[in-house]
Structures are given as C-alpha cells and as structure tokens.
Peer 1: 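Mind having a look at this structure? Questions to follow.
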Amino acid sequence: MIAAQLLAYYFTELKDDQLKKLQVMVTTSGMLGIGFWGPITLGEEDVACHSYKWGSTSPPTGGFTALVAMASREDRHRLEGCCKKSYELHLAWFYSPIVFSIVTHQTLKDIMGRFRRDMEYGLGRDTNPTATVKMLPTFVRSIPDGSEKGDFIALDLGGSNFRILRVKVTQDKKQPVQMESQVYETPDDIIHGSGTQYSLRTKEGLKKCMEILTRLGVEPSDEDCLAVRHVCTIVSFRSANLISATLGAILSRLKDNKGVARLRTTVGIDGSLYKMHPQYARRLHKTVRRLVPDSDVRFLLSESGSGKGAAMVTAVAYRLTDQARQIQETLAEFRLSKGQLLEVKKRMRMEIERGLKKETHKEATVKMLPTFVRSTPDGTENGDFLALDLGGTNFRVLLVKIRSGKKRTVEMHNKIYAIPIEVMQGTGEELFDHIVHCISDFLDYMGMKSARLPLGFTFSFPCHQTSLDAGILVTWTKGFRATDCEGEDVVELLREAIKRKEEFELDVVAIVNDTVGTMMTCAYEEPTCEVGLIAGTGSNACYMEELKNIEIVGGTEGRMCVNMEWGAFGDNGCLDDIRTKYDQAVDENSLNEGKQRYEKMCSGMYLGEIVRQILIDLTKRGFLFRGQISETLKTRGIFETKFLSQIESDRLALLQVRAILQQLGLDSTCDDSIIVKEVCGTVSRRAAQICGAGMAAVVDKIRENRGLDHLDITVGVDGTLYKLHPHFSRIFHQTVKELAPKCDVNFLLSEDGSGKGAALITAVGCRQRELDAQQH
Ligand code: 0WK
Ligand code: BGC
C-alpha cells in the first residue's frame with residue numbers, strides 16, 4: 001500500500017521529462033504489469049468501463065475505483081456500497097496508477113492515429129454501421145456570417161445544468177446577441193456523481209478532500225487525502241491527454257481537408273470539467289499543441305453555453321433557407337418551361353420566314369444567307385485541295401486529298417495555328433497577311449510551295465455570298481474585330497494578301513461557313529445529312545432549303561444550303577422576355593453589344609461569362625464566397641466555358657470543384673461549390689434547350705417544305721461545347737425530340753471538322769466550273 005502511495009505521489013510531482021525517464025524504469029515493472037495484466041483481464045470489464053467512461057465529460061470514475069482499491073479492508077467494505085466487484089478492483093488498484101499515467105507522447109500519437117482511422121470508418125458509408133466513432137452528420141452546413149437575425153428559444157440539455165434560453169440575434173454590431181436564460185435543477189445523484197472532486201490541489205483542496213471522503217463515509221487520514229488527490233490528478237491528466245489525442249486527430253483531418261501547410265483554427269470549448277478543473281485546460285492545450293505542432297490552435301471558452309450556439313444554428317438555418325430560396329428565384333429565370341421553349345421555336349420559325357422573304361430579308365435578324373452550295377456530296381468528288389478553317393477555337397490549314405470511285409477515300413493533313421488577339425482585333429491586312437503566312441508555313445511543311453491548288457476557305461462569320469467564291473462580311477462575331485473587313489469581300493481580301501506575299505499562287509474556289517462545311521463533311525458519310533450545326537465558340541446552323549423559298553437568290557428548282565446565322569436571333573428584341581439581367585450584362589460587356597443575342601445565351605464563348613455575372617450578383621448578395629468579390633471574379637472572360645464542363649462533370653467530387661475555383665483565385669466553401677455547380681448546370685441547360693428549340697424549328701421547316709407528316713433527317717454537328725460539355729448534347733437532343741415530335745433526327749458528330757467539307761465543296765465548285773467552261 002505504502003509503495004503504491006509513494007508511487008502515486010511520486011508521479012504527480014514529476015515534470016514531463018522526469019516522467020519520461022521514469023517510463024523506462026516502469027516499463028520494466030510494466031512488464032511485470034503485463035504479467036499482472038492477465039488477472040486484470042478478469043477485471044477488464046471494469047477497465048474497459050474506465051476507458052469508456054474516460055471519454056465522458058463527467059468527473060473520472062477511474063479515480064473512484066482506485067480509491068476503493070487503496071482503502072483499508074474495513075474502509076473498503078464501507079465503500080462497497082458504491083460498487084460491487086471490489087476484489088477485482090483490489091487487483092486493479094495495485095497497478096492502475098502506473099497504467100493510467102504512462103501515456104507517453106508516442107502513445108498519444110498512436111491514439112491520435114487510431115482515432116483518425118476510426119474517424120474515417122465513421123465517415124465511410126460501408127464502415128459507418130460498425131464504426132465506434134460514429135461521425136454523426138449535424139446538417140449544420142455553415143457558421144454564422146453575421147447576417148443572421150431573429151428571436152429564438154434554445155434548450156441546453158446534456159451538460160451539468162439544464163438551461164432554457166431566449167436568444168435575440170440582431171445586426172447590432174455592439175451587441176449582436178442578447179440572451180436571457182433560466183437554469184433548471186438536475187436530479188441529485190447527477191450533482192453528487194460528478195461535480196465536487198475537482199479542486200483537491202491546495203491546502204484547501206486537501207480540506208475539501210477530507211470533506212468529500214468523510215461524506216462518502218470513510219475516515220481518511222491526511223495521507224489518504226494526499227493519495228486520493230494524486231489519483232484524481234492522474235486520472236484527470238489521462239483524460240486531458242486522451243482528449244488531446246482525439247482532438248489532435250480531428251485537427252489533422254481538418255488540416256488535410258483544407259489542404260493547407262499550417263492549420264489556423266479555433267476550438268470552441270465548454271464543459272464543467274474544462275472550466276472547473278484547475279489544470280485540465282492548460283494540460284489539454286499543451287498536449288494538443290505538442291501533438292499537432294503544425295497547427296495554430298486557439299481555444300475559445302464558450303461564455304454562454306451551447307444554448308446560444310443552438311440559437312445561432314437555427315439562425316444560420318433560417319439564413320441558409322432564405323438564401324437558397326433567393327438563389328432558386330434567381331435561377332428560376334433560366335429554367336424555361338416547355339411552353340416558353342415552344343414559343344422560342346415558333347419565334348425562330350417566324351424569323352426564318354422573314355430572312356427568306358425578299359421584302360423582309362433586309363430587316364430580318366436571322367439572315368438565311370444563300371451559300372451557293374446546291375447539293376451534298378455524291379461521291380464523285382476527286383482531287384487535292386487546300387482548305388483553311390478560320391473562326392473556331394483553332395485556325396487550321398489543311399491539305400485534303402479526295403479520291404472518288406468504289407473505294408473512295410479522303411486523306412487529310414493539317415496544321416493548327418494560333419490567331420493572336422492583337423491580330424483578331426488589328427487591321428484586316430494584318431489578319432489576312434497572318435493567314436497567308438500560315439499557309440506559306442504549311443506549304444513549306446508539306447513541301448509543296450510550287451503547287452497551285454484549288455482552295456476552300458471555311459470562314460465562320462456571316463457573309464453575304466453572291467457566289468460560291470465571293471462573300472461580303474456582314475459583321476464580325478466571336479471576339480474578332482479586324483478593321484476594314486466588314487462590308488468587304490473576304491475572298492478578295494485573301495487573294496490580295498496572297499498577292500502581297502508573292503510566294504505562291506492559290507485558286508480560291510469557295511468560301512464556306514463552318515456550318516456548311518460541317519454538313520458536307522457529315523453528308524459525305526451519311527447522305528441523309530442536310531443540316532449543319534455548330535455549338536462551339538459561336539452558335540449557328542445551316543440546312544438545304546428549297547431554292548424557291550430563298551427569294552433573294554431566285555430560281556425555283558432544287559435546293560440550296562442556307563447559312564441561317566441564327567446567332568443574331570433576338571437582336572430585334574423578340575427574346576427579351578426570356579433574357580435575364582445577366583444576359584444583358586454579358587451583352588453590354590461584349591465587343592458587339594446588341595448583336596448575336598441568341599448566340600450570347602447559348603454558345604461557348606459566353607456561357608462562362610453568364611455564370612460569372614450570376615456569381616458576382618450572388619456574392620454581392622452575400623450568398624457566395626463569404627460575400628467577398630475577388631479581383632479574379634471581376635475579370636471578364638476569366639470563367640471560361642471549359643470550367644463549366646469540368647465543374648458539371650458527374651465524375652467530379654465537390655473537392656475538385658473547389659480546386660477549380662481555387663485556380664480561379666476563388667476561396668470557396670463546400671456550399672459555395674454546390675451553388676456554383678448548380679449555377680453552371682442551370683446556365684448550360686438553358687443553352688442546350690434554346691439551341692434545341694431553334695433546331696426543332698429548322699427540322700420542322702424542312703418537313704413542311706417537303707410536305708411530309710414525318711421526317712427522318714441527319715444533322716451534322718461540330719463545336720467544342722457540343723463535344724466536350726458533359727450534358728449539353730443530351731439535353732439538346734431531348735429538347736429537339738420533344739419540340740419536333742414529327743421528326744426523327746439523327747445527330748452525327750463531325751470527326752474531321754469542316755475543312756474536309758470545304759474541300760468537298762471546292763471539288764464540286766471545280767467540277768461546276770469545268771462544266772460551265774465546257775458549255776461556253
Ligand atoms: C470545328 C470546325 C470549325 C468550327 C469549329 C467550331 O472545323 O470549322 O468553326 O469546329 O467549334 P469551336 O472550335 O468554336 O468550338
Ligand atoms: C458566326 C457563324 C458561325 C458560328 C459558329 C457565329 O458567331 O456568325 O458564322 O457559323 O459562329 O462558329
């Protein structure tokens with residue numbers, strides 16, 4: 001007995017480093033302990049109960065057990081009133097102080113690791129049911145951001161007191177939270193069970209100890225009190241150590257979640273043990289900081305209990321619900337009903353008719369430009385052709401070798417060149433000199449500088465064509481703004497630039513819109529392809545219209561492909577009822593304000609900008625990024641449409657969405673990334689739907705042109721938005737199907753781009769010229 005007392009006393013007086021040294025010695029005796037540990041196994045149930053109870057906030061009972069064990073035979077029986085299994089405990093007593101206290105730093109680290117692992121188990125869907133650390137979701141998704149307000153009742157049950165509170169949350173900076181509360185008695189046995197053991201430290205503590213032990217019916221000596229005090233200290237030490245280990249595990253997980261080198265955080269803490277025990281807090285702080293040296297941890301004692309917290313959680317829940325309602329209201333403007341989409345289809349049809357009719361063509365917004373492409377390929381095309389492809393994401397120069405006959409083939413060689421922004425927005429001469437410079441580089445690269453090849457020029461901008469090889473640029477779109485080009489024949493501009501170069505000669509046979517090139521490329525594979533669609537940087541479509549309907553061309557027989565230039569749909573205001581203030585902002589910030597309104601609602605160049613405008617608005621209203629508008633978010637064009645595709649990808653976890661936002665310099669929370677993902681999804685969905693409504697108008701027009709009840713047709717498609725966005729094409733198909741039920745539309749993705757189509761058109765153009773030459 002004396003030995004144990006001495007041991008216990010000895011331990012509590014030692015500083016940590018002394019404790020370490022002692023460890024070596026104890027281990028040896030511990031070995032002894034292990035031996036002894038066996039019988040304890042008998043008592044293990046009690047020991048487990050200790051450790052179990054270890055976790056609870058009520059004062060450590062382990063100490064009580066040890067107390068019993070230390071008592072003289074006659075005292076022990078008196079204590080038996082308190083617990084039944086005395087004899088096992090007797091054994092436990094002999095060694096417990098040793099076992100309790102030797103929680104070395106390494107052991108704590110191990111416990112931290114084990115706790116961290118148990119946290120993962122608790123978080124795992126499959127492992128949670130058997131996990132011990134249950135990691136129960138609280139559905140508290142956000143911390144207060146100071147905009148909460150309201151009057152709340154809060155109940156605080158589970159601590160040493162039961163409290164009912166009235167909590168007023170206001171915007172008053174000086175006293176944002178006013179509280180009134182009432183504490184209600186808790187049953188006696190709870191008070192006795194826990195409260196009074198704490199302060200046994202000082203002389204006064206010993207006196208208190210005497211008091212308590214006497215009240216427990218034992219007649220303790222001063223030594224007894226000393227020993228009891230040491231046991232209490234050891235038990236509370238271990239409690240502080242163990243809590244530190246589990247807290248350390250949580251802090252290390254927080255650090256990993258945030259992916260930061262050094263975690264800076266605050267631990268809100270409450271509880272009578274922490275508040276009342278003289279050394280507990282200091283011990284806990286010290287051990288935690290030793291266990292997680294790579295974190296700056298502040299401990300903030302909750303002055304007003306968790307009642308206020310409950311009220312704040314309620315206030316935050318109100319705020320989040322209200323925010324969610326306002327965000328849904330904002331996004332509701334983008335969610336178009338079937339009726340609205342049918343209306344878009346009907347209006348597109350009206351604009352098509354206006355573009356085709358001579359008397360309304362001039363004012364029409366959807367220009368329905370003739371292309372002088374009268375038929376789709378018939379397989380007899382043959383020859384080597386040069387093709388240029390300008391207007392999409394990349395500028396390409398291509399050599400296309402078409403061989404007709406049974407085993408017809410198309411061999412293509414191409415090179416991609418950049419068009420610097422200063423060239424896109426410089427002078428026309430610079431732009432066409434740059435184009436010719438790329439052709440020269442390509443001919444060098446292909447070793448065919450001397451060849452005088454026929455050339456097909458895919459020029460993806462609205463051109464009034466007067467023939468296959470003449471096209472007046474109506475207006476630039478998609479970020480191009482080279483001077484001295486609008487109103488000019490771009491084929492002439494190219495020919496002049498080739499002349500200026502004086503290096504090679506080329507025969508520019510055809511100028512082709514990328515929609516027409518795409519249609520031809522797909523029609524070469526699938527003859528039923530009579531419509532071309534680009535859903536890329538820009539947006540546009542073309543289709544084979546009855547010549548008699550293209551009144552500005554004249555002629556009655558056969559068909560001709562019309563380049564709709566549907567990007568300008570709505571420039572007369574016919575879409576203003578579905579255009580939002582965000583669309584307005586994007587248009588005002590664009591190079592061609594008031595033009596290409598439909599394109600600006602559904603093409604790749606603008607979707608990111610629409611999202612950025614919405615994010616700015618939601619951030620200004622405090623719903624996102626903690627209301628902080630970063631410089632990045634203010635930067636036009638920073639939120640590229642490719643980010644929409646990435647963010648909306650189903651395979652992307654929220655963490656990865658946050659990584660993308662991080663790249664954009666947007667420090668986001670999980671909630672932020674959920675809202676951003678929803679905004680992206682809503683904007684791209686509307687784009688696919690209104691694009692689908694436009695296409696439904698086109699295929700229904702063709703069906704009616706041909707007086708058919710049902711039309712089977714193929715649409716050749718190209719464009720990065722259609723190809724790369726995870727949901728655009730699916731929603732687009734669905735919308736066409738829904739809005740044009742009498743048409744069976746097969747969508748064929750163009751593998752080779754429109755360069756091949758331009759070469760095919762050039763081949764037809766060459767043959768036509770030979771035929772015309774023979775007839776003259
Ligand atoms: C590839 C075609 C090209 C067209 C482009 C459109 O070859 O003619 O302009 O697609 O897609 P974007 O690159 O604008 O996404
Ligand atoms: C142009 C069209 C082109 C479309 C797709 C639009 O901005 O006006 O000519 O077909 O983009 O590239």
Side-chain angles (χ1 to χ4, degrees), residues 355 365-371 387-398 400 412 414-419 424 456-465 471-481 485-486 490 510-522 531-543 561-571 590-592 595-608 640-642 644-645 687 691 694 716-725 728-729 749-761:
T365 52
V366 180
K367 283 290 180 207
M368 308 302 286
L369 301 166
T371 65
L388 305 178
D389 187 352
L390 177 74
T393 314
N394 306 307
F395 168 52
R396 292 188 307 159
V397 181
L398 309 93
V400 185
M412 290 175 52
N414 77 83
K415 211 171 166 193
I416 291 179
Y417 295 88
I419 305 277
M424 283 165 78
F457 185 9
T458 301
F459 183 75
S460 312
F461 302 93
C463 286
H464 252 307
Q465 285 189 245
I472 310 297
L473 174 61
V474 178
T475 175
W476 282 120
T477 64
K478 291 178 291 187
F480 276 74
R481 194 172 50 184
C485 294
E486 288 174 343
V490 287
I511 179 164
V512 177
N513 184 263
D514 54 353
T515 54
V516 183
T518 298
M519 181 188 79
M520 293 298 271
T521 297
C522 296
V531 181
L533 168 73
I534 295 289
T537 317
S539 176
N540 188 19
C542 73
Y543 69 96
C561 180
V562 284
N563 164 16
M564 296 179 65
E565 286 300 335
W566 76 6
F569 175 38
D571 288 8
S590 71
L591 289 177
N592 53 351
K595 291 183 176 168
Q596 301 294 104
R597 290 185 179 180
Y598 182 60
E599 178 168 81
K600 285 171 184 165
M601 292 167 77
C602 65
S603 82
M605 180 157 184
Y606 303 100
L607 296 189
E640 293 169 48
T641 299
K642 72 176 180 197
L644 265 85
S645 299
C691 202
V717 189
D718 207 335
T720 40
L721 180 60
Y722 185 94
K723 280 187 204 170
L724 304 180
H725 189 280
F728 185 95
S729 55
L749 192 57
S750 158
E751 299 307 334
D752 305 311
S754 59
K756 177 176 166 184
L760 288 163
I761 290 169

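Read the numbers this way: they start at 1 and go in the same order the structure lists the ligands and their atoms. No experiment lies behind these values; they were computed from the predicted model shown.
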Peer 1: Suppose I only count heavy atoms of T477 and a 4.0 Å limit; which atoms of ligand 2 are within that range?
Peer 2: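 Going through ligand 2 atom by atom, the ones under 4.0 Å from T477 are 1 (C), 6 (C), 7 (O), 8 (O).
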Peer 1: Decide yes or no on ring pair (Phe, Tyr, Trp, His ring centres under 6.0 Å) for Y543 and W566, but give the supporting numbers first.
Peer 2: CA-CA 12 Å; Y543 69 96; W566 76 6; 10.0 Å; no
Peer 1: Start with the C-alpha gap between V531 and M519, add the side-chain angles, then the distance that decides, and say whether side-chain contact (heavy atoms from CB on, under 4.5 Å) holds.
Peer 2: CA-CA 6 Å; V531 181; M519 181 188 79; 5.6 Å; no
Peer 1: Within a distance under 4.0 Å of any heavy atom of F461, pick out the atoms of ligand 2 and give their elements.
Peer 2: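 Result: 9 (O).
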Peer 1: Looking at I534, which atoms of ligand 2 are within less than 4.0 Å of one of its heavy atoms?
Peer 2: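 Answer, ordered by atom number: 5 (C), 12 (O).
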Peer 1: If the plane angle is over 60° it's perpendicular, under 30° parallel, otherwise tilted; pick one for Y722 and F728.
Peer 2: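 Because their plane-to-plane angle is over 60°, the rings of Y722 and F728 count as perpendicular.
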Peer 1: Measuring from non-hydrogen atoms of R396 to any atom of ligand 1, is the shortest distance under 4.0 Å?
Peer 2: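 Yes, R396 has heavy atoms under 4.0 Å from ligand 1.
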Peer 1: Quick check on contacts: which atoms of ligand 2 are under 4.0 angstrom from a heavy atom of E599?
Peer 2: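 Matching atoms, with element in brackets: 6 (C), 7 (O), 11 (O).
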Peer 1: How far is atom 13 (O) of ligand 1 from the closest protein heavy atom, and which atom is that?
Peer 2: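 So the nearest neighbour among protein heavy atoms is T393 OG1, 2.5 Å.
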Peer 1: What residue and atom, counting heavy atoms only, is the protein's closest point to atom 14 (O) of ligand 1, and at what distance?
Peer 2: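 In this structure, atom 14 (O) of ligand 1 has T537 OG1, 2.5 Å as its nearest protein heavy atom.
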Peer 1: Nearest 0.5 Å, please: how far is CG in L721 from OG in S645?
Peer 2: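 The distance works out to 6.5 Å.
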Peer 1: Could you grab the distance from atom CZ of R396 to atom CG of L388, nearest 0.5 Å is fine?
Peer 2: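 Between atom CZ of R396 and atom CG of L388 there are 11.0 Å.
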Peer 1: With the threshold set at under 4.0 angstrom, would you say S603 reaches ligand 2 through any of its heavy atoms?
Peer 2: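 Contact absent.
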Peer 1: Got the closest protein heavy atom to atom 6 (C) of ligand 1, with its distance?
Peer 2: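 It is I534 CG2, 3.7 Å.
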Peer 1: Do D389 and ligand 1 have an N or O pair less than 3.5 Å apart?
Peer 2: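 Yes, since at least one N or O of D389 sits under 3.5 Å from an N or O of ligand 1.
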Peer 1: Going by heavy atoms, is S460 under 4.0 Å from ligand 1?
Peer 2: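 Yes.
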Peer 1: We want to know whether N592 and K478 form a side-chain donor-acceptor pair, criterion being a heavy-atom distance below 3.5 angstrom.
Peer 2: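 Short answer, no.
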Peer 1: Atom 1 (C) of ligand 2: which protein heavy atom is closest, and how many Å away?
Peer 2: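 Closest protein heavy atom to atom 1 (C) of ligand 2: S460 O, 3.4 Å.
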Peer 1: Using a 4.5 Å cut-off on heavy atoms from C-beta on, say whether the side chain of Y606 contacts that of M601.
Peer 2: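 A side-chain contact under 4.5 Å is absent here.
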Peer 1: For K600 and S590, test the side chains for any donor-to-acceptor distance below 3.5 angstrom and give the result as yes or no.
Peer 2: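 S590 and K600 do have a side-chain donor-acceptor pair below 3.5 Å.
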Peer 1: Which of the numbered atoms in ligand 2 are under 4.0 angstrom from any heavy atom belonging to E565?
Peer 2: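 What qualifies from ligand 2 is 1 (C), 2 (C), 8 (O), 9 (O).
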Peer 1: Give yes if a backbone or side-chain nitrogen or oxygen of N513 is under 3.5 Å from a nitrogen or oxygen of ligand 2, and no if not.
Peer 2: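 Min N/O separation from ligand 2 is below 3.5 Å for N513.
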Peer 1: Using a 4.0 Å cutoff against the non-hydrogen atoms of D718, which atoms of ligand 1 qualify?
Peer 2: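 Near D718, the atoms of ligand 1 are 1 (C), 2 (C), 10 (O).
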Peer 1: Would you give the length of the straight line joining atom CG of D718 to atom SG of C522, rounded to the nearest 0.5 angstrom?
Peer 2: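 Between atom CG of D718 and atom SG of C522 there are 7.5 Å.
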Peer 1: Which residue is it: V397, L398, N394? I am looking for the one with a side chain to side chain contact (heavy atoms under 4.5 Å, CB included) to D389.
Peer 2: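 Looking at V397, L398, N394, the match for D389 under the side chain to side chain contact (heavy atoms under 4.5 Å, CB included) is L398.
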Peer 1: Should you measure from each heavy atom of G753, which atoms of ligand 1 turn up under 4.0 Å away?
Peer 2: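 This gives 7 (O) as the contact atoms.
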Peer 1: Would you say P462 touches ligand 2, if touching means a heavy atom closer than 4.0 Å?
Peer 2: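 So P462 counts as touching ligand 2.
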Peer 1: N/O to N/O below 3.5 Å, does that happen between D514 and ligand 1?
Peer 2: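 Yes - when backbone and side-chain N and O of D514 are compared with those of ligand 1, one distance drops under 3.5 Å.
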Peer 1: Within ligand 2, which atoms have a heavy atom of Q596 less than 4.0 Å away?
Peer 2: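 Going through ligand 2 atom by atom, the ones under 4.0 Å from Q596 are 7 (O), 8 (O).
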Peer 1: Could you tell me the separation between the OG1 atom of T515 and the CG atom of N540, rounded to the nearest 0.5 Å?
Peer 2: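 T515 OG1 to N540 CG: 4.5 Å, rounded to 0.5 Å.
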Peer 1: Where's the contact between T720 and ligand 1, heavy-atom distance under 4.0 Å: side chain, backbone, both or neither?
Peer 2: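 It is both parts that get close, each with some atom under 4.0 Å.
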Peer 1: Identify which of G392, A387, G719 has a heavy atom lying nearest to atom 11 (O) of ligand 1.
Peer 2: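 Looking at heavy atoms only, the winner is G719.
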Peer 1: Suppose we measure from atom 10 (O) of ligand 2 to each protein heavy atom; which comes out shortest, and what is that distance?
Peer 2: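 The closest heavy atom on the protein side is D514 OD1, 2.5 Å.
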Peer 1: If I take atom CD from residue E486 and atom CZ from residue F480, how far apart are they, to the nearest 0.5 angstrom?
Peer 2: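 Reported value, rounded in 0.5 Å steps: 12.5 Å.
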Peer 1: What pair of heavy atoms forms the shortest contact from C691 to Y598, and how long is it?
Peer 2: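 Taking every non-hydrogen atom into account, CA-OH, 3.3 Å.
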